[in-house]
2 protein chains.
Amino acid sequence: MCAHVLVAEDDEMQAELIRRSLLAEGHTATVVHDGRAALDAARLHRPDLVVLDLMLPVIDGFGVCRVLRRDDDVPVLMLTARSTEDDVLLGLELGADDYMTKPYSPRELMARIRTVLRRSGRDGDRRADPVVRAGGIAVDPVRHEVRCEGRPVECTPAEFEILLAMAGEPERVFTRRQLLQCTRGLDRASTERAVDVHIMNLRKKLEADPRRPARLLTVFGVGYKLSGVRA
Amino acid sequence: MCAHVLVAEDDEMQAELIRRSLLAEGHTATVVHDGRAALDAARLHRPDLVVLDLMLPVIDGFGVCRVLRRDDDVPVLMLTARSTEDDVLLGLELGADDYMTKPYSPRELMARIRTVLRRSGRDGDRRADPVVRAGGIAVDPVRHEVRCEGRPVECTPAEFEILLAMAGEPERVFTRRQLLQCTRGLDRASTERAVDVHIMNLRKKLEADPRRPARLLTVFGVGYKLSGVRA
DNA sequence: CGGGAACCTGACGAGTTCCTCACAACCGTC
DNA sequence: GACGGTTGTGAGGAACTCGTCAGGTTCCCG
């Protein structure tokens, strides 16, 4: 959790306040005071997040946001004294990821920054938990642990690797060959049918009714997928 | 941009209001009025987003959020009359993706829902997946899924391969031989007439009136083509 | 060296898919 | 409108896929 944040804020006092909060959280920050500088800095530094005041000289926040969105997919958190509904709507419509009105609490601002960074997957280093979650199943590669609806589930190494791969991309179909590779089964030239057995055993552990799977679905003629199907 | 949203809201009037707004935007919605029902519904329906009131009976919003986060990675938008800074901070800390205090503007709520869906990449259409679309038909090779006017359609492997090829180049005429190759039917030295049967079966699934096809068109003496024109 | 866990294989049955065949409907041309 | 070639369609059986189980092999640990 250490990102680079571009702060575009007219008021120098405010900007300094935000910068200090960011540094205290372990982030790095670039501060600019007008719209043109914001765009230049964004191009130069490629920040992980832009905190954008709307009342900026030269180019206003809306204009900056428009250009940022056109060129890049950097998350934007808008910050403004203007709080009319139309402003908020316009801001969010332009692609802002969050919108806070002044006066704001610095701690809330930091919390929202964390949230936006988390969701956009730009939080620099991945010290955040690498747990993969999908369809009510949580796979923790560090602790080598699987939980289903909160209940711990014992898994063999092969089962674990298969589940980890599938939970990483829910809905995606994996061929037997792909799943076999997860279990390092290729060195022994195993049959693809071996995967079937692992899937069966996983179903016994993860499905309420293993005969009628709701999560580990068979895609006939192709392979398997982990799904959050709506029944 | 059409997601399934779970609305967990104590007040039935409010809930109904939100539900209608969601439907008007093209989303689908499930409404529940207490925390336990929210968790059950989330397990059953696997929504793309949860709009979560904090003041819920049985289990409160914080508890619901905690469990949701443990099992799954569904985005959460918190909604509450409690507006103390600590509530906001706790909510965001628990992993909420946004936090709005009542009274709120329905249009702002919708705008924030759009934003959260966009950022979480759950808005139905995955930009990452190379989904092929033509004539109201979407073919997703990664998920191995076909949708027609939004409705999921079950396809056999051969049907899927044929449709994938045709949707990749709408309007182009494919000979039976070409389509046969898609189904790996060549190694089995099958007749080209086998393609006719697959086309027929596809028409039963994709055409409003299979006798008068509007999408899977016959090109007499040549083969078939998928028309991208909406009649 | 014995025991146990994990994994693979091979086989069988059940279910699904695919192809062929035959005939009806259709198209285009004369 | 008639004719030859092309396409639509239904049914049945061959071919394939998948779930499942029992047994065998490998590996690790005591």
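From a predicted model like this one, the values you see are computed outputs, not experimental measurements. Order of the sequence lines sets the chain letters (A, B, ...), proteins ahead of strands, with each chain counted from 1.
When the options Asp196(B), Leu217(B), Ile162(B), Leu202(B) are evaluated for a side-chain contact (heavy atoms from CB on, under 4.5 Å) with Tyr224(B), the one that passes is Asp196(B). The residue from Asp98(B), Val116(B), Leu79(B) that alone fulfils the side-chain contact (heavy atoms from CB on, under 4.5 Å) condition with Val51(B) is Leu79(B).
Atom C1' of nucleotide dC26(C) and atom CZ of Arg212(B) are separated by 13 Å, given to the nearest angstrom. Between the CD atom of Glu154(B) and the P atom of dT16(C) there is a distance of 12 Å, given to the nearest Å. Atom pair Glu192(A):CD and dC7(C):P shows a separation of 18 Å (rounding to whole Å applied). To the nearest angstrom, P of dA22(D) lies 13 Å from CG of Asn201(A). Between His144(B) atom NE2 and dT17(D) atom C1' the separation is 14 Å, expressed in whole Å. In this structure, CD of Glu159(A) is placed 12 Å from C1' of dA5(C), rounded to the nearest angstrom. Leu202(B) places its CG atom 13 Å from the P atom of dT17(C), with the value rounded to the nearest Å.
Between the side chains of Tyr99(A) and Arg112(B), not a single donor N or O lies within less than 3.5 Å of an accepting N or O. A donor-acceptor contact under 3.5 angstrom links the side chains of Thr218(A) and Arg203(A), judged on distance only. With 3.5 Å as the limit, one finds a donor-acceptor pair spanning the side chains of Thr30(B) and His4(B).
Figure legend: Arg176(B) and Phe174(B) shown without cation-pi pairing, the cationic atom not lying both under 6.0 angstrom from the six-membered ring centre and within 45 degrees of its axis.
A salt bridge does not link Lys225(B) to Glu169(B): none of the charged nitrogens lies less than 4.0 Å from a carboxylate oxygen. We find that Lys205(A) and Glu154(A) are not joined by a salt bridge, their nearest charged nitrogen and carboxylate oxygen being 4.0 Å or further apart.
Rounded to 10°, the helix from dC1(C)-dG30(D) to dC30(C)-dG1(D) has 40° between the axis fitted to its first five pairs and the one fitted to its last five.
Taking side-chain N and O atoms only, His198(B) has a distance below 4.0 Å to OP1 or OP2 of dC19(C). Distances shorter than 4.0 Å separate some side-chain N or O of Thr156(B) from OP1 or OP2 on dC18(C).
Applying the side-chain contact (heavy atoms from CB on, under 4.5 Å) test to His144(A) and every residue at least two apart in sequence or in another chain returns Phe160(A).
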Summary of protein contacts for nucleotides 4-11 of chain D, nucleotide by nucleotide, where a base hit scores B, a sugar-phosphate-only hit scores S (4.0 Å, heavy atoms): -BSBBBS-

